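First up is the structure itself, then whatever we jot down about it.
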Amino acid sequence: MERPIAVIEICSKCIKLVVGFVIDGQVQVIYSTSKNLGLIFDHGTLVDENAFLNGLRCLNFIEDTQAKLKITIAEVIVVIPPLGLTILESTQTTNLVNDANKVETLDIRNLFNLVLKMPVGEGNVIADAIPRYFELDGGRSYSDIPLGLNSSSISAAIRVHSIPSKYYYMIRNAVSNANFIVKRVVVAPQGGLELLSTYHETPSSYYLVDIGSNLTTVSMVGGKQLFDSRFFFWGGDSITEKIIAKFNINEADAEKYKIMYGYDNREYSFDPIVCTSYDGDNNVSEHHLSALKEIIKDELDDLALQINSSIKSLLESYGNKAAKLEKLPIVLVGGGALLGGLVDYLKVKLENEDITLGTNRVLGARSLSNVNALGAIICQHKYPAINDDSQRKNVALSREIK
């Protein structure tokens with residue numbers, strides 16, 4: 001069994017930990033957990049650094065008495081939202097270093113060192129690099145790393161993920177200050193598409209829409225490759241906050257009614273009461289299902305509008321091809337995608353070929369909110385990290401004896 005990989009995903013209000021490995025192309029989970037910390041990031045800014053650090057430090061050592069499992073984590077893959085993401089493609093070539101003319105790990109490292117030297121624009125830094133294909137002598141092309149094959153040189157087309165350096169180092173330094181070694185930084189949609197690509201029902205090209213608590217990202221995937229991404233500050237909390245304001249109830253109840261009813265488009269012969277509340281004069285107000293439906297509809301109208309706007313932004317440089325590409329299928333992931341009635345609502349509002357929920361069959365972490373972290377495990381398994389240090393240990397794991 002290969003060494004376990006630990007992934008921490010940074011979200012607006014929580015941090016997620018998934019520990020696992022890959023067997024036959026499928027993720028196997030050893031442990032997963034999520035810690036809600038309140039608002040961590042607001043419009044890309046770290047709100048409460050101390051709360052963030054304390055939450056991270058809770059993940060240095062995991063002891064699950066029920067599973068009789070102890071995990072000490074030193075190194076992590078960090079998954080972050082693609083704020084300010086720019087994707088460039090670089091083609092690099094290097095001669096093989098060994099006399100036998102066989103591809104070795106050092107040759108792949110040399111390719112990546114060349115990528116690190118490429119300019120990515122002022123104020124940006126290379127966060128990650130994903131190979132599209134490798135090419136050896138004679139025009140032989142491979143999607144996987146061709147270790148051990150004969151050639152005098154090796155070339156690779158590599159997609160370079162660049163993000164604002166201020167954002168990158170804000171997160172990386174915080175994770176490092178929590179006593180983790182950051183082995184790799186993966187942008188969330190790259191992780192998401194890696195997991196979704198393992199399922200035959202996922203189309204090759206589509207828009208990956210990830211709906212979180214405060215942030216939604218719309219990413220363009222073509223031929224199972226990430227091309228570009230847009231984001232806007234809307235999430236499941238947008239609905240919850242409107243319910244709180246309109247119904248004058250607390251957050252827990254607002255969240256409960258949102259999940260319980262979702263967007264129910266059925267016609268009823270009566271208008272049931274969802275809940276009651278009291279105003280400042282202690283007067284009782286009754287809140288009906290029709291009012292809840294109207295609140296959710298208004299917010300979903302905003303969501304549909306912003307998804308459509310993001311897709312148009314992604315296609316600005318595609319000219320005559322844009323009209324066809326605009327109708328690519330949409331695959332929804334993230335906790336906010338689970339709102340009842342959302343898929344049917346978006347099918348009416350958007351003109352895409354198909355709109356579906358993403359697939360996640362990984363035992364132990366089957367929520368659609370985990371797809372990015374699970375996919376990051378696949379990413380680390382398939383591709384070398386651009387700042388990898390193979391000398392360091394990753395995860396120490398032990399089980400207690402019954």
Side-chain angles (χ1 to χ4, degrees), residues 2-3 5 7 22 25 77-80 82 85-121 124-163 165 168 182-198 204-205 208 219-229 317 372 375-391:
E2 71 172 40
R3 192 166 59 189
I5 298 169
V7 176
V22 177
I77 313 300
V78 179
V79 177
I80 62 173
L85 173 66
T86 301
I87 299 178
L88 308 169
E89 183 154 320
S90 173
T91 301
Q92 301 292 345
T93 302
T94 185
N95 293 325
L96 301 193
V97 296
N98 70 62
D99 294 335
N101 283 344
K102 291 183 181 293
V103 178
E104 294 182 343
T105 302
L106 181 57
D107 301 308
I108 307 304
R109 173 55 48 200
N110 288 339
L111 281 174
F112 274 69
N113 285 338
L114 293 173
V115 170
L116 280 171
K117 296 176 182 178
M118 69 176 289
V120 291
N124 273 29
V125 65
I126 295 175
D128 202 8
I130 305 296
R132 279 209 306 124
Y133 63 84
F134 297 90
E135 193 169 283
L136 303 182
D137 292 351
R140 292 172 292 159
S141 184
Y142 303 88
S143 57
D144 297 324
I145 300 173
L147 289 176
L149 298 186
N150 288 309
S151 186
S152 61
S153 65
I154 183 171
S155 299
I158 299 173
R159 299 190 71 79
V160 178
H161 296 171
S162 165
I163 61 175
S165 56
Y168 175 81
V182 180
K183 193 175 181 67
R184 183 182 203 138
V185 175
V186 175
V187 292
Q190 181 66 43
L193 75 87
E194 291 291 350
L195 180 71
L196 295 175
S197 295
T198 65
S204 175
S205 299
L208 177 60
S219 303
M220 186 178 182
V221 179
K224 300 184 180 181
Q225 297 283 331
L226 179 62
F227 274 78
D228 206 349
S229 189
S317 62
N372 301 327
I377 294 175
I378 298 175
C379 197
Q380 180 65 11
H381 173 80
K382 289 171 60 177
Y383 314 119
I386 200 157
N387 291 309
D388 188 17
D389 182 353
S390 58
Q391 300 300 314

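Please read all numbers here as calculations on a predicted model, not as lab measurements.
Here Asp228 pairs with Arg230 under the side chain to side chain donor-acceptor pair (under 3.5 Å) rule; sequence neighbours left out. For Asn98, the side chain to side chain donor-acceptor pair (under 3.5 Å) partners at least two apart in sequence or on another chain are Glu104. For Asp137, the side chain to side chain contact (heavy atoms under 4.5 Å, CB included) test picks out Arg140, Ser151, Ser152, Ser153, with sequence neighbours left out. In terms of the side chain to side chain donor-acceptor pair (under 3.5 Å) criterion, Thr94 has no residue partners (sequence neighbours excluded). Partners of Ser205 according to the side chain to side chain donor-acceptor pair (under 3.5 Å) rule, which considers only residues two or more places apart in sequence or in another chain, do not exist here.
A distance of 9.5 Å separates CG of Leu193 from CG of Asn372, quoted to the nearest 0.5 Å. From Tyr168, atom OH reaches atom CD1 of Ile126 across 9.5 Å, with rounding to the nearest 0.5 Å. Separation of atoms CD1 (Ile378) and CD (Gln190) is listed at 10.5 Å; rounding is to 0.5 Å. Rounding to the nearest 0.5 Å gives a distance of 11.0 Å between CG of Asn110 and OG1 of Thr105. Here the CE atom belonging to Met220 is positioned 12.0 Å from the OG atom belonging to Ser229, to the nearest 0.5 angstrom. Residue Cys379 holds its SG atom at 11.0 Å from CD1 of Ile377, rounded to the nearest 0.5 Å.
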- [ ] With side chain to side chain contact (heavy atoms under 4.5 Å, CB included) as the test, would you mind laying out the steps for Ile77 and Ile5 before giving the verdict?
- [x] CA-CA 8 Å; Ile77 313 300; Ile5 298 169; 3.7 Å; yes
- [ ] Could you go through the side chain to side chain contact (heavy atoms under 4.5 Å, CB included) check for Ile163 and Ile80 one step at a time?
- [x] CA-CA 11 Å; Ile163 61 175; Ile80 62 173; 3.5 Å; yes
Open item on the list: Could you walk me through whether Arg184 and Asp128 satisfy the side chain to side chain contact (heavy atoms under 4.5 Å, CB included) test, starting with their C-alpha distance in whole Å, then the side-chain angles of each, then the deciding distance to 0.1 Å, before giving a yes or no?
Closed with: CA-CA 7 Å; Arg184 183 182 203 138; Asp128 202 8; 3.1 Å; yes
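Closest non-hydrogen pair, Ser90 versus Val115, comes out as OG-CG2, 4.4 Å. Contact between Val221 and Ser204 at its shortest, heavy atoms only, is CG1-O, 3.9 Å. Closest non-hydrogen pair, His161 versus Leu85, comes out as CB-CD1, 3.9 Å. Closest approach of Leu96 and Val103 over heavy atoms only: CD1-N, 3.8 Å. Residues Leu114 and Thr93 approach most closely at CD1-O, 3.6 Å, considering heavy atoms. For the pair Asp107 and Asn95, the tightest heavy-atom approach, listed with the atom from each and the gap, is OD1-O, 4.0 Å.
For the pair Lys382/Val22, no side-chain contact is recorded, criterion being any heavy-atom separation below 4.5 Å from C-beta on. Considering only heavy atoms from C-beta on, Pro384 comes within 4.5 Å of Ile145 through its side chain.
A donor-acceptor contact shorter than 3.5 Å links the side chain of Arg159 to the backbone of Leu226.
A donor-acceptor pair shorter than 3.5 Å can be found between the side chains of Glu194 and Tyr383.
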Please report, to 0.1 Å, the donor-acceptor pairs under 3.5 Å made by any side chain of residues 129-136, with sequence neighbours excluded.
residue: Arg132; atom: NE; partner: Glu89; partner atom: OE1; Å: 2.9
residue: Arg132; atom: NE; partner: Glu89; partner atom: OE2; Å: 3.2
residue: Arg132; atom: NH2; partner: Glu89; partner atom: OE2; Å: 2.8

